[in-house]
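None of the values given here were measured: they were computed from a predicted structure.
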Amino acid sequence: MHSYYSLGALSFALSFAFLAAVAAGSVVAAGSAVADETAVVDETAAANQAVEVDEVILVSASRHITPLNEVVGSATQLSSEALAAVNAQHIQQALVQVPGVTFSRGDGVEYLPGLRSPVQTGAGACGSILSTIDGIPLRAAGFCNINELFEAPTELGASLEVLSGPWSTIYGSNALTGVINVLTPEFGLVGNQAALSISDNNYYQFKGLLDTQSGDNEFIAALSHSHDGGYRDSSGYNQQKLLVKHRYAAGAARVTTSFNASRLDQQTAAYLVGKDSYKDKALSKTNPSPEAYRKAHSLRLASQIDQDKGDWAWQITPYARHVDMEFLQHFLPGTPIEQNRHSSLGVQSGLQWQWLDAGLDLEWTRGELLQYQENPTQGSDFLQATIPVGKHYDYEVDSLMASPFVQANIQVSDALRLTLAGRYDWQQYDYNNRMNSGRVDEQGYTCGFGGCRYSRPESSKDRFGQFSPKLGLNYRLTQGQHLFTNASRGHRAPQATELYRLQRAQSKADLKSETIDSLELGWRGYLERINWQLAGYWMQRDNLILRDSDFFNVSGGNTKHRGVEGQFRAQLSQDWQWQINASYARHTYGDIPQLGAVKGNKVDSAPAVNASSQLNWNAFEGLRATLEWIYVDEYYTDAQNLHKYDGHQLLNLRGQWQISRGVSLNAKLDNLLDTRYAERADYSSFAGDRYFPGRGRTLLVQLVYQFDS
């Protein structure tokens, strides 16, 4: 792995050295005429003409259109064209182009997320990164799911915006280390098309998109059906998604309504157990838990009403959501079934007046969770005695959230812009236990060995309040280069499962909100044929919610996170474009008594270097090819730093051929060298080394018919 590390580190260092050299030269020449402000186009753009960076706009950073150069923080945009070029079967395949993202692909549509952080696991892991559709969270605060992005319409003409670092001043709870915002397609840009993809392991996907306009009404309808036979035994899935979007414009006022639905029926494969078991090609296709499954469906409706009056603008967005999921917890003794669902009604509002943004978010949610076990527990006498058949948990939670926020953007001088922001999140849980309390079984009998494994607290109300401030500066070095810095705080309230899904002798979870304090310094800019974004950060995460050696959910301890990340694009010639996305980070444990003597150790599941690079070639008009390199550094798989995964490198090849005006053929060959690697590695004190094996060489072919526009 040392050669891998050297290769990745060398490429990373050379890229940043080259970037620093050319940018330093541009600063020296700032007094002379400034070169045209240009940036490199997406890997799917037909032309090689560079685009002005000021034309790149974001909506995620402030809930309204903001030029990228005015954003006080790190932000990355993946356009709908870029997503279409990747043609991802899994969201992780697209997110490798975002520096600082460390998503671990699981089986089927599942994943474990990481953004400026180690790969997150555990009940509250999904609360570290906020996933949204058009700025509205996919799940209610306190009811997130680790795999929730699989419900987003990423394959239906959507684009992605990724905000790195804490963004709680705009988004509140769960925007702890970043935000991934899925933007539904823009009217007039998608076109009318049908596409069919086929791949190995009996994978196929059909999708259709309709984009039309009549007078003041614009309309988009899109649907997809995906089927995967599974790389491993008993690991296939069927998934359907639907998106309907309508906009009515009357003068300066607009009403934009979107409805999206998803359905998933998945067989799930479990970890492979045993040191380096992922390297065995035959073994990597097996599934130790062929009975595992996940079924889920979701419905979301939102209607944004907005008006722009010039000096001021306003918007209000009422929304509703319903999500329902059932899955077998094959990773727990006794393999219980979990059923969870929640329904929400909410509204987001915002007012923009000259240099001031303000708003109020309100949300009501009713959530339910049922966990039960159908068959007797297998294993030791202790496990059999303490994990009985029947219901383990059965509760409902009503949640109320109210969150006012304000942000001031003050132009101190022609070159300097000051941002002051703050948001207060108030959240209340009204928990109702629908079965007996304590560590007894469903009938109220005490289990052997001192009591049952699962414990249910008495019905209660819990309230959490947290203020999230931000101070930022944006300084224009030249017309094409900006420095930015910000100090901010992010937070997440405890999830309902952390509060009410207890074990052993714990009868009440006295938890605090997790917080993270961040300091960031960045530099973005562009010259005639290159553009870049570079940022360094320091963060400390406090009041970690974790499970201690007594199996109690507790708050305490901290971790430290320091790193540098960047994205660099260069138009090498008329026909060649190069891009690199890379991060170097050091994630370390602070004082965490619950984990033992780990202070100063590297946090597990935290590779120091993550990188990807794309080399694009316009072979001739209508034919493009992309060679992609992915690098994941070695990392420890346990908090004691006694076990590790060696990391891996992958090569992918993609091509797009415009056969005629309305017909195109796309193909990609993932894992070109058929490398044996692990998508995810960890270490369990009960099972030892465990892995999710990566897929071997995989070919996907897609035919796209653009029938009208």
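The pair K295-D324 fails the salt-bridge criterion, with no side-chain N (NZ, NE, NH1 or NH2) lying under 4.0 Å from an Asp/Glu carboxylate O. No salt bridge links R263 with E151; every basic N to acidic carboxylate O contact stays at or beyond 4.0 Å. Between E155 and K207, no side-chain nitrogen of the basic residue sits less than 4.0 Å from a carboxylate oxygen of the acidic one, so the salt-bridge criterion is not met.
For Q266 and E110, the side-chain atoms include at least one donor-acceptor pair closer than 3.5 Å. In this model, a donor atom of one side chain and an acceptor atom of the other lie less than 3.5 Å apart for E679 and Y677. No hydrogens or angles considered: nothing links the side chains of E628 and T626 as a donor-acceptor pair under 3.5 Å. Side chain to side chain, Q614 and S612 meet the donor-acceptor criterion of an N or O pair below 3.5 Å. Side-chain contact check for R294 and Q267: no donor-acceptor pair (N or O, by modelled atom type) lies under 3.5 Å. Between the side chains of S284 and R676, at least one donor N or O sits under 3.5 Å from an acceptor N or O. Between the side chains of N581 and Q567, at least one donor-acceptor pair of N or O atoms lies under 3.5 Å. Between the side chains of E338 and N340, at least one donor-acceptor pair of N or O atoms lies under 3.5 Å. Using modelled atom types and a 3.5 Å distance limit, the side chains of Q495 and T497 yield no donor-acceptor pair.
In this pair, F382 and F449 present their aromatic rings perpendicular. The plane angle is above 60°, beyond the 30 to 60° band. Using cut-offs of 30° and 60° for the angle between ring planes, the H392 and Y454 rings count as parallel. Under the 30°/60° scheme for interplanar angles, the aromatic rings of Y645 and Y278 are found to stand perpendicular.
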* Full working for side chain to side chain donor-acceptor pair (under 3.5 Å) between Y636 and D638 -> CA-CA 6 Å; Y636 288 109; D638 66 319; over 6 Å; no
* Asked: Can S583 and E565 be said to form a side chain to side chain donor-acceptor pair (under 3.5 Å), step by step?
  -> CA-CA 4 Å; S583 64; E565 60 191 28; 5.3 Å; no
* Kindly indicate, with the supporting measurements, whether the criterion salt bridge (charged side-chain N to carboxylate O under 4.0 Å, His left out) is fulfilled by K668 and D670. => CA-CA 6 Å; K668 65 174 184 173; D670 290 331; 3.6 Å; yes
* Working for side chain to side chain contact (heavy atoms under 4.5 Å, CB included), residues I180 and L130 -> CA-CA 6 Å; I180 298 176; L130 185 66; over 6 Å; no
* Could you walk me through whether D674 and K281 pass the salt bridge (charged side-chain N to carboxylate O under 4.0 Å, His left out) test, one step at a time? => CA-CA 10 Å; D674 201 24; K281 188 172 184 178; 3.5 Å; yes
* Would R139 and N145 satisfy side chain to side chain donor-acceptor pair (under 3.5 Å), going step by step from the backbone distance to the final call? -> CA-CA 7 Å; R139 301 290 179 109; N145 182 268; 4.7 Å; no
* To do: Give the intermediate values and the outcome of salt bridge (charged side-chain N to carboxylate O under 4.0 Å, His left out) for residues D228 and R695.
  => CA-CA 13 Å; D228 190 350; R695 295 193 174 205; 3.0 Å; yes
* Step-by-step side chain to side chain contact (heavy atoms under 4.5 Å, CB included) determination, Q656 to L623 -> CA-CA 6 Å; Q656 301 90 40; L623 181 63; over 6 Å; no
* What do the steps show when you test Q378 against Q384 for side chain to side chain donor-acceptor pair (under 3.5 Å), and what is the final call? -> CA-CA 6 Å; Q378 304 298 311; Q384 294 181 45; 6.0 Å; no
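Counting non-hydrogen atoms of neighbouring residues, nucleotides and ligands closer than 6.0 angstrom, the NZ atom of K602 reaches no more than 12 such neighbours. Within a 6.0 Å radius of NZ in K599, no more than 12 heavy atoms belonging to other residues, nucleotides or ligands are found. The 12-atom threshold is exceeded at CD of Q329, counting heavy atoms of other residues, nucleotides or ligands nearer than 6.0 Å.
With rounding to the nearest 0.5 Å, the separation of CG in L669 from OG1 in T698 is 8.0 Å. Expressed to the nearest 0.5 Å, how far CG of N181 lies from CD of E161 amounts to 6.0 Å. Rounded to the nearest 0.5 Å, atoms NE2 (H297) and CD (E326) are 11.0 Å apart. Taking OG1 of T637 as the reference point, atom CG of L642 lies at 9.0 Å (rounded to 0.5 Å). Rounded to the nearest 0.5 Å, atoms CG (L283) and CG (D276) are 11.5 Å apart. Summarising the geometry, atom OG belonging to S298 is positioned 14.0 Å from atom CZ belonging to R341; distances are rounded to the nearest 0.5 Å.
One N or O on the side chain of S117 and one on the backbone of L115 form a donor-acceptor pair closer than 3.5 Å. Of the possible donor and acceptor atoms, one in the side chain of T377 sits under 3.5 Å from a partner among the backbone N and O of I387. T559 places no side-chain N or O within donor-acceptor distance of the main-chain N or O of Y589, the cut-off being under 3.5 Å. Of the possible polar contacts, one joining the D200 side chain to the L699 backbone as a donor-acceptor pair under 3.5 Å is found. Between the Q93 side chain and the Q89 main chain, a donor and an acceptor come within less than 3.5 Å of each other. Under the 3.5 Å distance criterion, the side-chain polar atoms of N558 are left unmatched by any main-chain donor or acceptor of L544. Judged purely by atom type and a 3.5 angstrom limit, D548 uses its side chain to pair as donor or acceptor with the backbone of D550. The closest donor-acceptor contact from the side chain of R697 to the backbone of L672 lies under 3.5 Å.
Judged by the 6.0 Å distance and 45° axis criteria, R105 is not positioned over the aromatic ring of Y111. Geometrically, R680 does not engage F692 in a cation-pi contact, judged by NZ or CZ lying under 6.0 Å from the ring centre and within 45° of the ring axis.
Not counting sequence neighbours, the partners of A687 by the side chain to side chain contact (heavy atoms under 4.5 Å, CB included) test are V273, S684, R690. Under the rule for a side chain to side chain donor-acceptor pair (under 3.5 Å), the partners of N202 that lie at least two apart in sequence or sit in another chain are H227.
Applying the side-chain hydrogen bond (donor to acceptor under 3.5 Å, both in side chains) test between S128 and each of R116, Q120, E514, R492 identifies Q120 as the sole match. Evaluated for a side chain to side chain contact (heavy atoms under 4.5 Å, CB included) with H587, the options H561, K560, R541 yield exactly one hit, H561.
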